[in-house]
Amino acid sequence: MFAMIQAGSMGVPYVPVIGLVGSNVLDNRDDMIIQPDPFDPSHSSVVARAYRPDVALLHGLKADRHGNVFLGRESDDVLLAEASRLVIVTVESIVDRLDDAEMMRALPSILVDTIVETTYGAHPAGCPGAYPADAGHMARYLEAARDDASFHDYLRETVIEVPNHDAYVESFVPAEWKNSLATAHRSESGRPA
Amino acid sequence: MEEFPGDRPSIRVRSPGLMARSYSDTELLAVLLSREVRDGETSACGALSMIPAAALLLARAHHAPSAEVIILGSPAFFPFPTSRQFHYLAQRGDLDLFFVSGVQIDRRANYNLHQIGGERDRPQIRFPGGYGGGMIYYVARRSIIFRTEHTRRTFVEQVDFISAKGSTPPETLRLGAPSKVITPMATLRINRDTKLLDLESVHAPHTPWDVAANTGFELVAADGRPAESAPATPPPTEDELKLLRGSVRETMITTGTYADWAEAHLGGGRQD
């Protein structure tokens, strides 16, 4: 799958992959076939069709108003952004400008279609540089995922019946987090606490 | 084999295989895996691989000071910014040794990390899948399968789903292949001619009969002789255990490499 997205990011139609020959992963898939090496027909490998998602949904630390996104660390998300036709990035905060170090490692705005300021947008997963995964909530999610009925209850409570993101943050993000992140935000933008 | 306090010790006739061990199954596995790491080579382990991580660090401390070790998920021992650089290094043929585990393993060293039972589309149990294993198993120069249990439900005649294949036809582009399977009971080895797993050695206090009883396929010893003739595995030495419980455990804790696990399982904490 990774190689297929890489091929999508390169704009080429397919990519050779070493491995998977003889595995059941190839059954019932028409996007991976075995082909001889065109330069060395005595050897064959899997060739996978390039994958270009219609939409990529990414989350990052911050973006400037042009849509340059600092994801927080080097990430293969860049490949997803390159391969996908529509790129939507939620970020912890939108700022006036990224600093030089952040700009050097940013996802350039030319690849980004939409940015949305969504503090705690990764919750219950973590956002490197901002907050860790919420272990307690994850445990609850895993338990709920054991069967369809309990999972539907979980979805209803945390997604379907939640009116907006602010309400979600109010209900589900740990209180201690909200205090410390608020302080960090204020000091970044330079405004007094 | 516990003695009641106050009792006079009774005279017991013990065969060498029944002598009490001073190390846990976890420590045994870490030591045996560490012996597979060669100095100067590049060796790695994947996700959720605490025992191989300890083994890699033990190898460096014990006999392979120039070994390059790559531990996925460890901030101190993962040299790349993302995982793709690791996968591509392996695909270039620069990964000499990889430790991998599977839910099921069959006599051809195929392993299964995908699903068990039921129908292909509706399995009884579904696992996370092969991740990069479907590639790394074919490109690491040597893959060692490790398993923390040695049972018939693990070692089956044929896996329910082949996540990665032990051996492939000569025309298949492949840079390496599995070489051994190591469990708390025994070491199995791929026979180069038959491509089937043979019994290389048995770890005390277990016997070849224990191994046969817990393996879902027929086993012969490495040189074609009956399984009963398989030798005993050289047990962990004092040196290996001391390093594992000392500097390796310390390193894992201070570098945040499966720190909680190392604290609990390597000598200092509970035995399993």
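A note on names: the letters A, B, ... follow the listed sequences, proteins ahead of strands, and every chain is numbered from 1.
- Counting non-hydrogen atoms of neighbouring residues, nucleotides and ligands closer than 6.0 angstrom, the CE atom of Met10(A) reaches no more than 12 such neighbours.
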Considering distance alone, list the donor-acceptor pairs between chain B and chain A shorter than 3.5 Å.
{"residue": "Thr82(B)", "atom": "OG1", "partner": "Asp76(A)", "partner atom": "OD1", "Å": "2.8"}
{"residue": "Thr82(B)", "atom": "OG1", "partner": "Asp76(A)", "partner atom": "OD2", "Å": "3.3"}
{"residue": "Arg84(B)", "atom": "NH1", "partner": "Asp76(A)", "partner atom": "OD1", "Å": "2.4"}
{"residue": "Tyr88(B)", "atom": "OH", "partner": "Gln6(A)", "partner atom": "OE1", "Å": "2.3"}
{"residue": "Gln91(B)", "atom": "OE1", "partner": "Ile18(A)", "partner atom": "N", "Å": "3.1"}
{"residue": "Arg120(B)", "atom": "NH1", "partner": "Asp27(A)", "partner atom": "OD2", "Å": "3.0"}
{"residue": "Gly134(B)", "atom": "O", "partner": "Leu20(A)", "partner atom": "N", "Å": "2.8"}
{"residue": "Tyr138(B)", "atom": "OH", "partner": "Val21(A)", "partner atom": "O", "Å": "2.6"}
{"residue": "Ile162(B)", "atom": "N", "partner": "Asn24(A)", "partner atom": "OD1", "Å": "2.6"}
{"residue": "Ile162(B)", "atom": "O", "partner": "Asn24(A)", "partner atom": "N", "Å": "2.8"}
{"residue": "Glu171(B)", "atom": "O", "partner": "Ser44(A)", "partner atom": "N", "Å": "2.7"}
{"residue": "Leu173(B)", "atom": "N", "partner": "Ser44(A)", "partner atom": "O", "Å": "2.7"}

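- Looking at Pro169(B), there are no atoms closer than 4.5 Å to chain A (heavy atoms on both sides), in backbone or side chain.
- Within the 4.5 angstrom heavy-atom criterion, only side-chain atoms of Leu79(A), from C-beta onward, approach chain B.
- When the candidates Leu173(B), Ile136(B), Val139(B) are compared by the number of heavy-atom contacts under 4.5 Å with chain A, Leu173(B) comes out ahead.
- The number of heavy-atom neighbours closer than 6.0 Å to CG of Leu142(A), taken from other residues, nucleotides and ligands shown, is above 12.
- Contact annotation for residues 37-45 of chain B against chain A (heavy-atom separation below 4.5 Å): no residues qualify.
- Proximity to chain A among residues 46-57 of chain B is not found for any residue, judged by heavy-atom separations below 4.5 angstrom.
- Ranking Val17(A), Val25(A), Leu26(A) against chain B, the residue ahead of the rest is Val25(A), based on heavy-atom pairs under 4.5 Å.
- Interface residues of residues 67-74 of chain B toward chain A, defined by a heavy-atom distance below 4.5 Å: none.
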